[in-house]
Amino acid sequence: MKWKKELGGMRPYKPGRSIEDVMSQYGLKEVHKLASNENPYGCAPSVKEFICEGQLQPEIYPEGHAGELRTKLASKHQVGEDFLLFGNGSDEIVSIISRALLGPDTNTIMATPTFPQYAHNAKVEGAEVIELPLVDGQHDLDGFLKAIDDKTSVIWVCNPNNPTGNLIPAGVLEVFLAQVPEHILVVLDEAYYEYITESSHADSIRLIDKFPNILVLRTFSKAYGLAAFRVGYAVGQPAIITELNKVRNPFNNNTLGTAVAAKALEDEQFIEQCRELNHVQRERFKQFAEANELDLFDSHTNFVLIQVPGDADEASEHLLQYGYIVRSGNALGTPGYVRVTIGSEEQNSGFFQAMASLISEKGRHPVK
């Protein structure tokens, strides 16, 4: 078969271990999945009730405009309905952007390590990928500006960044955006926006009029607890949204997904509660890391990137035996660390015990 040459050397996405798999392998009765940054508190009670009571017509195609969800989100963000694009998770929007703007005659700029789908989709389209190492967990925005040339088409900014969790200060971001040429799309991927508690942080959606070449990505998969329904969205100027819609497949969001997302918007108190609970538990991780002399990145999300003694894969395997699924830094470009979803108080207490066992066995410091 005549596969695209760009696929040579690429690998399919490798999902993490499932709860059922780990329970079976280790004979455990209880396993906690802290690898995919899901909400440990689930979704809002009103959403659960809606799912149970909701009546669908499965023979009917989804409403392709996502009308109810579009109207509610436009009102929430105080933008026109034509400022919104919906995707099957924000992952699909990354694919849509790449397909619309990237090709063999273009390049795209991003940090490393960061969300891997930026580079993956760019490579599929044959674009040159320019990756600039993080500096103390932060995007090297000055380096980004220096890397721009006449072939640059898209710049990706993951804020807060995955897998480090670092947040770009609002003022620093604005200074950067002011220097990017207007013909280059700057994607501000804010999947973890709802978990930010930094008082000085500004809502990037408010910058769309000032910087018409930005596109802000958000999702219902994280704080809203709706990962199973795969609903993400982008906010940008209508001129950008119109072009991206030419690439978007029809009926890309299912009926139930858009319905539960619309329902979730009615309970902002649930989001506030999750943000506060997450903040309290995030502080516990900081205290644990400090007490055990482990490095911890400055996270503003619902996950932390924490140093482990020894090899990250071996540490992850050790934690599995205690019933905790985490993401090895070896797979994320951060060897010597694991990424851990911030769970409930009970989950985190158990995780700290498992980590204490690992530290006792391996020692506090990583193997050089």
When you compare the side chain of [Y] with that of [X], does any pair of heavy atoms fall below 4.5 Å?
| X | Y | result |
| --- | --- | --- |
| H201 | N159 | yes |
| K76 | E268 | yes |
| V308 | Y337 | no |
| D203 | Y193 | yes |
| Q237 | I208 | yes |
| P113 | L134 | yes |
| V260 | F220 | no |
| I155 | V187 | no |

What do the steps show when you test L102 against V154 for side chain to side chain contact (heavy atoms under 4.5 Å, CB included), and what is the final call? CA-CA 8 Å; L102 297 177; V154 181; 3.9 Å; yes

Given N161, which of T301, N166, T114 fulfils the side chain to side chain donor-acceptor pair (under 3.5 Å) condition? T114

If you measure from [atom1] on [X] to [atom2] on [Y], what distance do you get to the nearest 0.5 Å?
| X | Y | atom1 | atom2 | value |
| --- | --- | --- | --- | --- |
| H139 | C158 | NE2 | SG | 6.0 Å |
| E81 | L84 | CD | CG | 7.5 Å |
| F303 | K222 | CZ | NZ | 8.5 Å |
| E243 | R248 | CD | CZ | 13.5 Å |
| F288 | L296 | CZ | CG | 10.5 Å |
| R327 | R17 | CZ | CZ | 12.0 Å |

With the threshold set at 4.0 Å, does a side-chain nitrogen-carboxylate oxygen contact exist between [X] and [Y]?
| X | Y | result |
| --- | --- | --- |
| R218 | E190 | yes |
| R230 | D91 | yes |
| E174 | K210 | yes |
| K72 | E266 | yes |
| E125 | R99 | no |

Donor-acceptor pair, distance only, cut-off 3.5 Å: does the side chain of [X] make one with the backbone of [Y]?
| X | Y | answer |
| --- | --- | --- |
| N253 | G87 | yes |
| D311 | D313 | yes |
| T242 | A239 | no |
| N252 | F86 | yes |
| N278 | C274 | no |
| S360 | A356 | no |
| T258 | T255 | yes |
| E68 | A259 | no |
| S349 | E345 | yes |
| D149 | T152 | yes |

Centroid separation [X] to [Y] less than 6.0 Å:
| X | Y | value |
| --- | --- | --- |
| Y322 | F351 | no |
| F270 | Y224 | no |
| Y233 | H77 | yes |
| Y118 | F115 | yes |

Please step through side-chain hydrogen bond (donor to acceptor under 3.5 Å, both in side chains) for the pair T197 and H300, ending with a clear verdict. CA-CA 7 Å; T197 55; H300 293 260; 5.4 Å; no

Please name the pair of heavy atoms, one in [X] and one in [Y], separated by the smallest distance, quoted to 0.1 Å.
| X | Y | result |
| --- | --- | --- |
| N39 | G225 | CB-CA, 4.0 Å |
| A234 | L217 | CB-CD2, 3.5 Å |
| V129 | A122 | CG2-CB, 3.7 Å |
| I342 | P40 | O-CG, 3.7 Å |
| L69 | A262 | CD1-N, 3.7 Å |
| L226 | C43 | CD2-CB, 3.8 Å |

Quick check: is F352 connected to F297 through a chain of hydrophobic side chains (ILVMFWY, heavy atoms under 4.5 Å apart)? no

Criterion side chain to side chain contact (heavy atoms under 4.5 Å, CB included) on I306 and R339, from CA distance to verdict: CA-CA 6 Å; I306 186 170; R339 192 189 66 193; over 6 Å; no

[atom1] ([X]) with more than 12 external heavy atoms under 6.0 Å:
| X | atom1 | value |
| --- | --- | --- |
| Q179 | CD | yes |
| K4 | NZ | yes |
| K151 | NZ | no |

Under a plain distance cut-off of 3.5 Å, with no hydrogens placed, do S200 and E198 share a side-chain donor-acceptor pair? yes

Step by step, work out the salt bridge (charged side-chain N to carboxylate O under 4.0 Å, His left out) result for K33 and E38. CA-CA 9 Å; K33 185 168 177 261; E38 295 142 334; 2.8 Å; yes

Residue pair L319, M355: steps toward the side chain to side chain contact (heavy atoms under 4.5 Å, CB included) verdict: CA-CA 7 Å; L319 294 168; M355 275 289 286; 4.2 Å; yes

Would T108 and I130 count as a side chain to side chain contact (heavy atoms under 4.5 Å, CB included) if you check the C-alpha gap in whole Å, the side-chain angles of each, and the deciding distance to 0.1 Å? CA-CA 6 Å; T108 181; I130 299 175; over 6 Å; no

Could you walk me through whether R284 and Q281 pass the side-chain hydrogen bond (donor to acceptor under 3.5 Å, both in side chains) check? CA-CA 5 Å; R284 291 184 68 200; Q281 294 305 313; 2.9 Å; yes

